[in-house]
Amino acid sequence: MKDKLKNIIKNTGLSMLISILLVFCFLGAVVFHVSNKISDEMSASAVQNLTETLDLLQCTIEAILQNTADFQMLVARELANSADPAEYVRSYETNRTVVKLALIMAGQTEGVSNVEDVFSAADLDFSAGNQINGLPVSQSYLNYMGAWAYSIKCPVIRDGQEIATLYAEYTYDALDKSLPDGFYNGQSMLYIMDAQSERFVLKPKGMGKRTAGHLNLADFYRANDILDENLRSEVRECLQNGQNMMFRHNIRGENSLSYIWAVNDGSIFLVGYVPFAAIQQEGRTVNQNIFVVVAVMLVAFLLCCIIYFLNQRQQNRIRQEREAERELHNKQLAEALQAAQVASNSKTTFLANMSHDIRTPMNAVLGFARLLDIDAENPAKVREYTKKIMASGQHLLGLINDVLDVSKIESGKVVLNFDKFLLADLVSAVETIVQPMAKSKNQHFNIEVSGIRQEYLLGDETRLNQILINLLSNAIKYTPAGGNIWFRLKELKQHSSQYAHIRIEVEDDGYGMTPEYLKVIFDAFTRAENSTTNKIQGTGLGMAITKSIVELMGGSIEVSSELNKGSLFKVELELRIAEDQEAPHPQEDEPGAANNSLEGLHFLAAEDNEINAEILSELLDIEGAGCEIVENGQLAVERFERSRPGEFDAILMDVQMPVLNGYEATRKIRSLPRADAASIPIIAMTANAFAEDEKAALAAGMNVHVAKPIDVELLKRVIRQYLKRED
């Protein structure tokens with residue numbers, strides 16, 4: 001029995017050994033086949049690579065030629081504007097690119113250059129008709145320094161007439177620094193050949209052992225035993241038609257790939273060859289690497305067989321761990337799906353609310369506009385309808401601003417502006433806004449300020465005002481007529497000598513909120529919905545915006561409420577104490593409404609929207625001011641450039657316009673070479689109303705930013721303010 005077991009083990013080991021040997025033999029055959037196939041593919045790939053390399057050289061040389069032509073046209077334009085073109089040319093200093101610059105005035109046969117007293121173009125041959133960027137280029141020639149060169153001639157145009165011809169001489173040596181220092185390990189050969197004379201005018205560095213300047217295409221044929229007349233005939237046809245050509249040929253015992261590659265529509269050619277041994281070197285290297293990789297893989301195969309048996313013991317444990325991870329992942333996915341569904345439901349509810357809240361003021365706007373058309377002859381009704389349209393429009397604008405505010409907060413684009421402000425002014429401003437709202441519902445609005453030790457603080461007064469208005473307007477909306485609203489401002493014990501600890505309380509005895517709604521009150525797109533409050537308009541964003549601003553200021557907000565008994569909001573903030581607690585020096589009185597008249601002023605306005613342009617024109621006409629409207633920024637620049645000094649008192653500039661936007665138009669106006677270009681007030685009037693839009697307007701050179709919809713009184717104050725500064 002024991003011997004039988006040994007025989008089984010022996011036979012099993014022998015079978016495994018034979019199996020491994022068969023696998024090795026199979027892999028060897030596969031590797032040999034793949035190696036041959038790769039060699040063939042690498043050769044074809046190398047030929048393709050050579051083609052791409054020649055295309056790259058062609059593009060490089062053509063780009064250099066293009067740049068030289070562009071440069072010469074630029075010099076020609078400077079000459080056209082020069083008072084003494086001949087002196088300009090004489091004083092021009094040569095460089096590695098332009099070795100000679102010459103000028104022949106119209107109607108003359110000789111001219112001047114920067115290297116000799118008298119210049120004649122009689123020795124330059126432009127008969128081949130070659131061009132670079134539309135400029136005639138001569139045949140190659142040896143210049144006065146003994147270097148191969150070519151010339152380009154360019155007309156000098158002044159007031160639509162050709163006053164002279166500019167000649168510039170360039171050497172082929174200038175191309176050398178932009179070409180590669182050899183390729184295929186220096187085993188290849190490359191010349192640059194003039195197509196007309198078939199002379200080799202340049203051999204780039206690192207390309208073979210021969211020297212350009214003594215060779216031409218015939219020398220190339222003789223040196224490389226290219227004797228086949230049919231092949232030479234094909235080459236001649238290639239040169240005549242400006243085409244590319246590549247052919248196999250035996251050069252000094254080496255099988256090589258010769259090429260003739262057209263540059264600049266065949267005015268010059270790249271001529272040379274690459275031995276196939278150099279091309280196939282890459283294939284041999286790849287095969288060697290394949291054999292190394294296969295050997296490593298075989299060793300790795302054996303090691304893997306050993307490791308496989310060792311790893312089997314761990315598979316059950318790993319499988320169990322993976323199952324646990326999978327269960328945890330599934331649980332997390334389920335929770336994420338539930339959260340996404342809640343968010344989706346919230347946004348769906350928000351969209352339903354917004355659809356209602358937007359359609360309500362829009363219905364009022366459209367309805368009263370229809371009534372205006374019907375009762376146009378009744379002034380009393382017209383005024384009543386107009387007031388209601390304005391109120392509905394302001395409500396609609398408030399809805400839009402809330403949506404934009406929450407979008408900015410979620411994207412992290414809200415930036416606080418820290419300035420010195422007076423708490424008493426903040427309270428007074430809030431009272432001015434909220435008191436009329438409360439009186440309209442016969443509510444009692446109570447203000448309590450206590451414990452204030454520091455009057456002047458540093459913070460974002462605008463955002464603080466937004467917090468207070470959001471909380472108080474919410475209290476008014478959700479408190480029935482005859483109810484009470486309390487606004488309390490307290491200074492608590494300081495945590496730091498540099499910061500004042502401020503608590504803001506807003507309390508009402510209104511409808512209150514359910515415990516369920518208190519959990520989501522600060523989430524975006526949520527509103528309390530019941531039979532009492534579902535007629536109250538709003539976006540469901542006010543509390544989300546308020547909480548985000550409070551947290552951005554480093555503060556906290558909390559709420560307590562009981563249904564049908566009212567609500568209490570508490571906000572706590574740490575505001576830096578202003579070092580200077582003295583009131584600022586009194587400023588000059590702002591111009592009153594009577595001094596804000598625009599009568600007699602004349603404006604240039606850039607506005608591409610016909611309706612907005614009509615509204616602006618009518619509003620200014622009512623104020624007794626004139627206005628000339630253009631459709632885009634480019635027309636605004638051109639009209640101001642044509643205007644007389646003082647013809648326009650200010651420019652009203654839209655931002656988003658076709659052809660040229662308001663920012664670029666402002667920059668162009670400010671850069672105009674006239675005295676009033678830097679001083680004329682330019683006022684941005686745009687629907688781009690964010691803080692970064694105002695900064696962009698000021699950075700472009702505008703004086704002030706006024707957001708649409710247009711507030712006429714604000715526009716009048718701004719215009720008068722800047723016109724007064726100019727005076």
Side-chain angles (χ1 to χ4, degrees), residues 386 390 393 588-689 693-727:
T386 303
M390 290 290 292
E588 292 184 10
D589 294 338
E590 291 293 330
N595 296 327
N596 284 338
S597 172
L598 303 181
E599 187 170 356
L601 299 181
H602 189 51
F603 301 100
L604 172 62
E607 174 60 70
D608 64 317
N609 185 284
E610 293 183 5
I611 295 177
N612 290 344
E614 183 178 354
I615 292 172
L616 177 62
S617 179
E618 290 295 331
L619 289 175
L620 292 176
D621 186 60
I622 291 171
E623 297 296 329
C627 179
E628 182 173 339
I629 297 177
V630 293
E631 298 174 356
N632 57 63
Q634 182 62 41
L635 294 177
V637 175
E638 294 172 357
R639 180 63 185 90
F640 179 74
E641 194 172 10
R642 296 194 309 270
S643 68
R644 302 183 307 277
E647 180 177 347
F648 296 112
D649 295 290
I651 299 176
L652 309 179
M653 184 73 73
D654 192 11
V655 171
Q656 293 186 354
M657 294 183 291
V659 184
L660 194 68
N661 65 42
Y663 299 144
E664 293 301 323
T666 299
R667 292 189 182 96
K668 285 196 173 185
I669 289 174
R670 293 301 190 206
S671 65
L672 290 175
R674 49 187 288 175
D676 57 347
S679 60
I680 186 170
I682 301 180
I683 300 169
M685 293 202 320
T686 171
N688 299 343
D693 300 316
E694 182 175 358
K695 291 179 180 178
L698 298 178
M702 299 184 188
N703 297 87
V704 69
H705 177 279
V706 177
K708 293 178 181 177
I710 299 172
D711 183 335
V712 178
E713 293 303 320
L714 174 62
L715 181 62
K716 288 164 63 177
R717 288 198 302 272
V718 166
I719 292 174
R720 270 301 171 191
Q721 176 185 0
Y722 280 92
L723 289 180
K724 181 180 179 182
R725 291 182 183 178
E726 292 300 315
D727 296 340

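Throughout, numbering of the chain's residues begins at 1 and tracks the sequence. FYI, side chains are in, hydrogens and waters are out, and symmetry mates aren't considered; it's all heavy atoms of this structure.
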Handout entry: Qualifying ring-ring contact (aromatic ring centres under 6.0 Å, His included) pairs, either residue in residues 601-628, two or more places apart
Key = His602-Phe648

Does some side-chain heavy atom of [Y] sit less than 4.5 Å from a side-chain heavy atom of [X]?
{"X": "Leu598", "Y": "Leu601", "value": "yes"}
{"X": "Met685", "Y": "Asn612", "value": "no"}
{"X": "Ile683", "Y": "Met653", "value": "no"}
{"X": "Asn632", "Y": "Asp608", "value": "no"}
{"X": "Glu641", "Y": "Leu672", "value": "yes"}
{"X": "Ser617", "Y": "Glu607", "value": "no"}
{"X": "Ile651", "Y": "Pro681", "value": "no"}

Practice task
Can you establish whether the number of heavy atoms outside Glu614 located under 6.0 Å from its atom CD is more than 12?
Solution key: no

Handout entry: Flag if over 12 foreign heavy atoms under 6.0 Å of CZ, Arg642
Key = yes

Where do [X] and [Y] come nearest, in terms of heavy atoms and distance?
{"X": "Asn661", "Y": "Val655", "answer": "CB-O, 3.2 Å"}
{"X": "Asp649", "Y": "Ile680", "answer": "O-CG1, 4.1 Å"}
{"X": "Ala697", "Y": "His705", "answer": "CB-CD2, 4.2 Å"}

What's the separation between atom [atom1] in [X] and atom [atom2] in [Y], rounded to the nearest 0.5 Å?
{"X": "Thr666", "Y": "Leu660", "atom1": "OG1", "atom2": "CG", "value": "9.0 Å"}
{"X": "Cys627", "Y": "Leu616", "atom1": "SG", "atom2": "CG", "value": "5.0 Å"}
{"X": "Glu631", "Y": "Asn609", "atom1": "CD", "atom2": "CG", "value": "11.0 Å"}
{"X": "Leu715", "Y": "Arg720", "atom1": "CG", "atom2": "CZ", "value": "12.0 Å"}
{"X": "Ile629", "Y": "Leu652", "atom1": "CD1", "atom2": "CG", "value": "9.0 Å"}
{"X": "Ile622", "Y": "Glu599", "atom1": "CD1", "atom2": "CD", "value": "13.5 Å"}

Practice task
Can you tell me which residue pairs pass the salt bridge (charged side-chain N to carboxylate O under 4.0 Å, His left out) test with a partner in residues 656-670, sequence neighbours excluded?
Solution key: Glu664-Arg667

Exercise for the section: Run the numbers on Val704 and Ile682 for side chain to side chain contact (heavy atoms under 4.5 Å, CB included), then give the verdict. Expected result: CA-CA 7 Å; Val704 69; Ile682 301 180; over 6 Å; no

Handout entry: side chain to side chain contact (heavy atoms under 4.5 Å, CB included) between Thr686 and Gln656, intermediate numbers included
Key = CA-CA 8 Å; Thr686 171; Gln656 293 186 354; 5.6 Å; no

Exercise for the section: With Arg717 as the cation and Tyr722 as the aromatic partner, state whether NZ or CZ is under 6.0 Å from the six-membered ring centre and within 45° of the axis. Expected result: no

Problem - Salt bridge present between Glu647 and Arg639 (N-O < 4.0 angstrom) - result: yes

